[in-house]
Number of protein chains: 2
Amino acid sequence: MTSKPNVRQPSHVACRDCSLSSLCLPLALSLQDIDQLDRIIKRGRPLKKGEHLFLEGDPFTSVFAVRSGAIKTYTATNEGEEQITSFYLPSEILGLSGMDTDVYPVSAQAMETTMICEIPFDQLETLSDHFPELRRHMMRLMSKKIREDQQMMMLLSKKNADERIATFLINLASRFRRRGFSSQSFRLSMSRNEMGNYLGLAVETVSRVFTRFQKNGLIYAVGKEIEIRDPVQLCSLAGGKAVDIEQIISSV
Amino acid sequence: MTSKPNVRQPSHVACRDCSLSSLCLPLALSLQDIDQLDRIIKRGRPLKKGEHLFLEGDPFTSVFAVRSGAIKTYTATNEGEEQITSFYLPSEILGLSGMDTDVYPVSAQAMETTMICEIPFDQLETLSDHFPELRRHMMRLMSKKIREDQQMMMLLSKKNADERIATFLINLASRFRRRGFSSQSFRLSMSRNEMGNYLGLAVETVSRVFTRFQKNGLIYAVGKEIEIRDPVQLCSLAGGKAVDIEQIISSV
DNA sequence: ATACGACTTTGAGGCCACTCAATGACGTCC
DNA sequence: GGACGTCATTGAGTGGCCTCAAAGTCGTAT
C-alpha cells in the first residue's frame, strides 16, 4: 500500500555501471581502476527484512556497501536489550569498526529488503597497497564516521526530545537528497521504536513529538511516510551550527 | 599540596627511548624503522594548563601524541557553551578526526602542563606508503575510536548518573593501568564541571554521586585524588558486558 | 598570612521524559 | 475478508536529574 521508492534493481551491477559509484568506494578510483575493485566485490542475494548481514562477535572479514534498502547496526546492552548504533542508506559503508578487534562489535540487520555489496577486507587491503587514493578514502570514511558519532554524542548529551527528532529528520533528508531522492518527502525505513532507541527516547515520546510537530505544521506524517513542511524551523530546532544549518536548509 | 604523579621529563626523547613507545604509534614499527618516524616528529615546548594545541576550524596539519599531562577536546554547542568530546592521556593519539575535512572539528586544550609529540600528517602519509603496518595501525586507531565513541553513545542514551560515573572511573582506571600507573588510586586531571560536561550531567549531579559513592564505600575521593575502594561493585554499576567487566576487574 | 576567585558541595523545588496502561490503526497471513 | 499480532497513539502519574541559590573549600597570587 505504501509506495516502494526503492525500485528493484538487477542484483549484479558492475561498479562502473552503478548509479551510486560517485558516493561509494569507487569515488576514490579512476574509471579503469574501478574494474579491479569490481572484481573483488561479492554481490549476494538480497537480504529480506530482519535478516542479518553479520552478528556481533562474528569474525571480521569484510566491509559492506548498501546498494538498496537499509541496514541498522546494534549491540546488546547489559540488560539484553538492543541498542541501535547506526542506520545505513544506499552507498554508505559499514563494518569498518570491526577492523581493530577482528570481530564485528555490532550486529547488522536489514530493515527492509536490501541489496549489499561485500568487499573482503584482506583483498581491499591488498588493493589499497596499489591505490593510495583508495586507502586515503577509507581513512576519510572513518574520520567522517568519528565526526558523525561525536555529533551524535552531542545530540544525546545536550538536546531535548524535540531537538533530537528535528535533527534526525533533517539528517535523513539531507542524506536522501545526496542520493537523488526527494528530501522533502520520503519514507522512514525504521519504526518509531527503532527511532526512539537510536535517539535515546521512549517510543511514546517519539510519537508525541511527531504529533506535536504535525500540529505545528513542521511536518506531515502518515505512518512511515514523512513530508517536511517547514524545513527552516525544523533546522532551527535541530540547532546545529549556523554554517551547517544553512547548508542543510538549502538542500531540503 | 597534592602529589605530582607526572614527573617532569626531558622535552626531547627519541621514540626508541620513550617509555610509551609500546603504546603509541611506534608499536607498528620495528626498532630500525622507528628512527624514520622519529625524524618527522616535532616536539615543542610544554603546553601550560589552558593553552590550546589547536582550535576548531584550524587547518588540519598534524596528529598529536600526548607524552605527559592531559588534553581535552571540545566543540562549541549552538548556544556557545563548550561540549567536551574526549580526554587524552599519555600515549594516546588525537587529531585524526580532522582528516576528511582538512580542518580540526574540535579544539584541543591542555588540562595541565602537557608535553606533546607532533606528527605532520603529510609526512606521516608518505612514511606509511612504505610501512603497511604503520597505516594499518592508524586505521586500527580510528576503528578503536569509533568503537569507543559508540560505547559513549550507549552510556549517554541508556545509563543513569551513577552508571555513567562508575563507567567513567573504571575506564580511567584501566587506562592508567595500561600506562603503568596505579589503577586503584590516581589523580583526575579534569574538574567536576568538565566531567559532568563530558558525561552529560550537571556539576551538582556529579558531586552528589561522588558523595554517595563515598558513603557507600565504593570510592574515597579528596578533591581530584581518587581511590577506588570497591572495584567489583563499581564495575557492576558500570555495567559493561560481562567479558569486559572481568577484564577490567582483573586490571583494577 | 591574607584575600580573592574558582571550584565543590548541599538543599529545595520544578520540569521533562519515562513508565505503565489502554485504545486505536495498520499490515499480514490464512 | 476477517482475525491476529505488531506498531502507533494518547493519557495519567511518577521520578531522576536539572536549575537556582547559598554556603563551604581549595588554590593561588599578592
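Chain A is the first sequence line, chain B the second, and so forth, proteins listed ahead of strands; every chain is numbered from 1.
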**Q** When rounded to the nearest 0.5 angstrom, what distance separates OH in A:Y104 from CG in A:L94?
**A**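 Taking OH in A:Y104 and CG in A:L94, the distance rounds to 8.5 Å.
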
**Q** Could you tell me which residues satisfy salt bridge (charged side-chain N to carboxylate O under 4.0 Å, His left out) with B:K49, sequence neighbours excluded, listed by chain and number?
**A**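 Once residues adjacent in sequence are excluded, B:K49 has no partner under the salt bridge (charged side-chain N to carboxylate O under 4.0 Å, His left out) criterion.
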
**Q** Give the intermediate values and the outcome of side-chain contact (heavy atoms from CB on, under 4.5 Å) for residues B:Q214 and B:Y220.
**A** CA-CA 5 Å; B:Q214 188 145 348; B:Y220 178 70; 3.4 Å; yes

**Q** Which residues within residues 205-222 of chain A lie with some heavy atom under 4.0 Å of an atom in DNA chain C?
**A**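 Heavy-atom cutoff 4.0 Å gives A:T205, A:R208.
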
**Q** Rounded to whole angstroms, how far apart are CG on B:N193 and P on C:dG5?
**A**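 Whole-Å distance recorded here is 19 Å.
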
**Q** Could you state the atom-to-atom distance from CZ of B:R192 to P of D:dT25 in whole Å?
**A**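 Between P of D:dT25 and CZ of B:R192: 15 Å.
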
**Q** Whole-Å distance between C:dC26 C1' and A:E225 CD?
**A**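 In whole Å, C:dC26 C1' and A:E225 CD are 14 Å from each other.
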
**Q** Is A:E82 salt-bridged to A:K72, going by a charged N under 4.0 Å from an acidic O?
**A**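 Looking at A:E82 and A:K72, the cut-off is met.
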
**Q** My understanding is that only residues two or more places apart in sequence, or in another chain, count here; which of them pass side chain to side chain contact (heavy atoms under 4.5 Å, CB included) with B:E92?
**A**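 B:E92 satisfies side chain to side chain contact (heavy atoms under 4.5 Å, CB included) with B:Y88, B:L89, B:R175, B:R179 only.
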
**Q** Just the rounded figure in Å: distance from P of C:dC15 to CG of A:N160.
**A**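 Atom-to-atom, A:N160 to C:dC15, this comes out as 15 Å.
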
**Q** So, does the side chain of B:E194 form a donor-acceptor pair with the base of C:dC7 at under 3.5 Å?
**A**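 No pair found.
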
**Q** Using whole Å, report how far CE of B:M195 lies from P of D:dC17.
**A**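 Going from CE in B:M195 over to P in D:dC17 covers 16 Å.
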
**Q** Counting heavy atoms from C-beta on, name the nucleotide in D:dT9, C:dT8, D:dC18 closest to the side chain of B:L201.
**A**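 When the side chain of B:L201 is considered, D:dC18 is the closest of D:dT9, C:dT8, D:dC18.
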
**Q** Can you check the B:I165 CD1 to C:dT9 P distance for me, whole Å?
**A**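 Checked: the CD1 to P distance equals 10 Å.
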
**Q** From C-beta outward on B:V203, which listed nucleotide comes closest to its side chain: D:dT19, C:dC7, C:dT9?
**A**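 Taking heavy atoms from C-beta onward, the closest nucleotide is C:dT9.
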
**Q** What's the spacing between B:F168 CZ and B:M195 CE if we round to 0.5 Å?
**A**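 That separation rounds to 5.5 Å.
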
**Q** From C:dT8, C:dC18, C:dC20, pick the nucleotide closest to the side chain of A:E204?
**A**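 Side chain of A:E204 sits closest to C:dC20.
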
**Q** A:G196 near the nucleic acid: base, sugar-phosphate alone, or nothing, with a heavy-atom cut-off under 4.0 Å?
**A**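 Touches nothing.
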
**Q** What heavy-atom pair brings A:V206 and A:I165 nearest, and what distance separates the two atoms?
**A**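 Residues A:V206 and A:I165, closest heavy atoms: CA-CD1, 3.8 Å.
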
**Q** Could you give the NZ-to-P distance, from A:K224 to D:dT9, as a whole number of Å?
**A**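 Rounding to the nearest Å, NZ of A:K224 and P of D:dT9 are 11 Å apart.
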
**Q** Quick one: A:L156 CG to D:dC17 P, roughly how many Å, whole number?
**A**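 A:L156 atom CG is separated from D:dC17 atom P by 15 Å.
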
